[in-house]
Amino acid sequence: MKTTIYCFTGTGNSLKVARDIAAGLGDAEIVPMREPQPAPAAPSERVGIVFPVYMGGVPMIVGRFLDRLHEPGKYVFAVATYGGSPGSSLNEARRRLAAAGTSLGAGFGVRMPGNYTPFYDAYPKDRQEKLFAAEAGKVKAIVEAIVSGRTSPPESGNFIMNLLFSGIVHPISAPKIPASDGRFSSDAKCNGCGVCARVCPVGNITIEAGRPLWHHRCEQCLACLHWCPQTAIQSGSRTAGRRRYHHPDITLHDIMRQN
Ligand SMILES: Cc1cc2nc3c(=O)[nH]c(=O)nc-3n(C[C@H](O)[C@H](O)[C@H](O)COP(=O)(O)O)c2cc1C
Ligand code: SF4
Ligand code: SF4
């Protein structure tokens, strides 16, 4: 059975999970969820959506896609990658799909290294390795569930965290995200290479006079900050001394093709 997997990613965790699921299923195509968005109807019998959790919810670009995805009668699954908790992101996906006439068969969370460098440093390598080992086991279980067409309620975080992040932080923060790129700057290490513009999934960066300029339609995916070869992009004052992260199996070339 052919499967289309729509994927959004900043630092490659979600792309890695999408690839592993595609490999497990066979005959699966990964379609980037970037701007301009893909057509909201898949040329396949089965549909998947893979995305990172942002503030307990779905990234805005993913939400816009879910609102248009009209796939009645197909088995549809969603997978959220997250650093701490999936929150209510998969329930949000289920609600938004339902409003578009699409029934979510199952929603799975996969814990991966957190990438929100404005708040914390990259995880140490040994911690990353443990998460990658667990990811392999979780993907195996996800593939088995998909192949058998199993339906189940979306996985969710605990009640208190969902209330805090999905119920309070996400609704307050989401409208501010497009202009949140006002916190980005490039430091003296920038050599004008243009990589940041090429990895941005929404075309939010242009290079002007050899430096990136952000245009306030940001998704906060942090691809620009993490993939800059010179580590020249900072967000506020705390990221300068922090290590950058991307999934080790995903290359810059992969992200340029994806985004
Ligand atoms: C803007 C932003 C918000 C995030 N919010 C959360 C969150 O609320 N809960 C969580 O567990 N992880 C959160 N994370 C971490 C990511 O969900 C996690 O690292 C994810 O696997 C990144 O996927 P990617 O590499 O495909 O971009 C956040 C990351 C970003 C960039
Ligand atoms: S990727 Fe980094 S070095 Fe290259 S233009 Fe952007 S900020 Fe400058
Ligand atoms: S400007 Fe940077 S953080 Fe914002 S969407 Fe583009 S790559 Fe992601």
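Indexing begins at 1, ligand by ligand and atom by atom, following the structure's order.
For ligand 3 and Trp214, the ligand atoms under 4.0 Å from any heavy atom of the residue are 1 (S). Annotation for ligand 1: atoms under 4.0 Å from non-hydrogen atoms of Tyr116 are 1 (C), 2 (C), 30 (C), 31 (C). Atoms of ligand 1 found under 4.0 Å from any heavy atom of Gly10, numbered from 1 in the order shown, are 24 (P), 26 (O), 27 (O). When each atom of ligand 3 is checked for a heavy atom of Phe184 under 4.0 Å away, the hits are 3 (S). With ligand atoms numbered from 1 in the order given, ligand 1 contributes 7 (C), 8 (O) to contacts under 4.0 Å with heavy atoms of Gly56. Taking every heavy atom of Ser14 and a limit of under 4.0 angstrom, the matching atoms of ligand 1 come to 23 (O), 24 (P), 26 (O). For ligand 3, the atoms lying closer than 4.0 Å to a non-hydrogen atom of Glu219 are 4 (Fe), 5 (S).
For atom 11 (O) of ligand 1, the closest heavy atom belonging to the protein is Gly84 N, 2.6 Å. Looking from atom 6 (Fe) of ligand 3 to the surrounding protein, the closest heavy atom is Cys200 SG, 2.3 Å. For atom 4 (Fe) of ligand 3, the closest non-hydrogen atom on the protein side is Cys218 SG, 2.3 Å. The protein heavy atom nearest to atom 25 (O) of ligand 1 is Thr11 OG1, 2.5 Å. In this structure, atom 23 (O) of ligand 1 lies nearest to the protein heavy atom Pro52 CB, 3.3 Å. Among protein heavy atoms, the minimum distance from atom 7 (S) of ligand 2 is reached at Ile233 CG1, 3.5 Å. With respect to atom 21 (O) of ligand 1, the closest heavy atom belonging to the protein is Thr81 OG1, 2.8 Å. What sits closest to atom 13 (C) of ligand 1 on the protein, heavy atoms only, is Val53 O, 3.3 Å. The shortest contact between atom 31 (C) of ligand 1 and any protein heavy atom is with Gln220 O, 3.3 Å. The closest protein non-hydrogen atom to atom 15 (C) of ligand 1 is Asn115 OD1, 3.5 Å. Ranking the protein heavy atoms by distance from atom 3 (S) of ligand 3 puts Leu222 N, 3.2 Å first. Closest protein heavy atom to atom 2 (Fe) of ligand 3: Cys224 SG, 2.3 Å. Residue, atom and distance of the protein heavy atom nearest to atom 7 (C) of ligand 1 are Met55 N, 3.7 Å.
For atom 8 (Fe) of ligand 3, the set of nearby N, O or S atoms under 2.8 Å includes one belonging to Cys221.
Between the side chains of Thr206 and His215, a donor-acceptor pair is found at a separation under 3.5 Å. No donor-acceptor contact under 3.5 angstrom links the side chains of Asn115 and Asn13, judged on distance only. No side-chain N or O of Ser185 forms a donor-acceptor pair with one of Gln234 less than 3.5 Å apart. Side chain to side chain, Thr3 and Asp27 fail the donor-acceptor criterion of an N or O pair below 3.5 Å. With 3.5 Å as the limit, one finds no donor-acceptor pair spanning the side chains of Asn91 and Ser88. Ser14 and Thr81 form a side-chain donor-acceptor contact under 3.5 Å, judged by distance and modelled atom types alone.
Ring geometry, Tyr116 versus Phe119: the interplanar angle exceeds 60°, so the pair is classed perpendicular (tilted spans 30 to 60°). By the 30° and 60° cut-offs, the orientation of the rings of Tyr6 relative to Phe65 is tilted.
Remark: Glu129 does not engage Lys125 in a salt bridge, criterion side-chain N to carboxylate O under 4.0 Å. Note on Lys130 versus Asp126: no salt bridge recorded, every NZ/NE/NH1/NH2 to OD/OE distance being 4.0 Å or above. Between Glu71 and Arg46, no side-chain nitrogen of the basic residue sits less than 4.0 Å from a carboxylate oxygen of the acidic one, so the salt-bridge criterion is not met. Using a cutoff of 4.0 Å between basic side-chain nitrogens and carboxylate oxygens, Glu92 and Arg95 are not scored as salt-bridged. The residues Glu219 and Arg34 are annotated as not salt-bridged, no charged nitrogen and carboxylate oxygen being separated by less than 4.0 angstrom. Between Asp121 and Arg242 there is no salt bridge, since none of the side-chain N atoms of the basic residue sits less than 4.0 Å from a carboxylate O of the acidic one. Using a 4.0 Å cut-off between a side-chain N of Lys or Arg and a carboxylate O of Asp or Glu, Glu155 and Lys138 qualify as a salt bridge.
Each protein N, O or S atom less than 2.8 Å from atom 4 (Fe) of ligand 2 was counted, giving 1.
Using 4.0 Å as the threshold, Asn204 has a heavy atom nearer than that to some atom of ligand 3.
Looking at Gly87, Gly109, Pro113, Gly83, it is Pro113 that brings a heavy atom closest to atom 19 (O) of ligand 1.
In this structure, Ser186 OG and Gln230 CD are separated by 11.5 Å, a value rounded to the nearest 0.5 Å. Between the CD1 atom in Ile250 and the CZ atom in Arg19 there is a gap of 4.0 Å [rounded to 0.5 Å].
Distances between N or O atoms of Cys221 and those of ligand 1 include no value under 3.5 Å.
Only the side chain of Val202 comes within 4.0 Å of ligand 3, judged by heavy-atom distances. Within the 4.0 Å heavy-atom criterion, the part of Ile205 lying near ligand 3 is the side chain and not the backbone. The part of Ser85 lying near ligand 1 is the backbone, judged by heavy-atom distances below 4.0 Å.
Annotation for Gly107 and Leu90: closest pair C-CD1, 3.8 Å, computed over non-hydrogen atoms.
The aromatic ring centroids of His247 and Phe132 lie less than 6.0 Å from each other.
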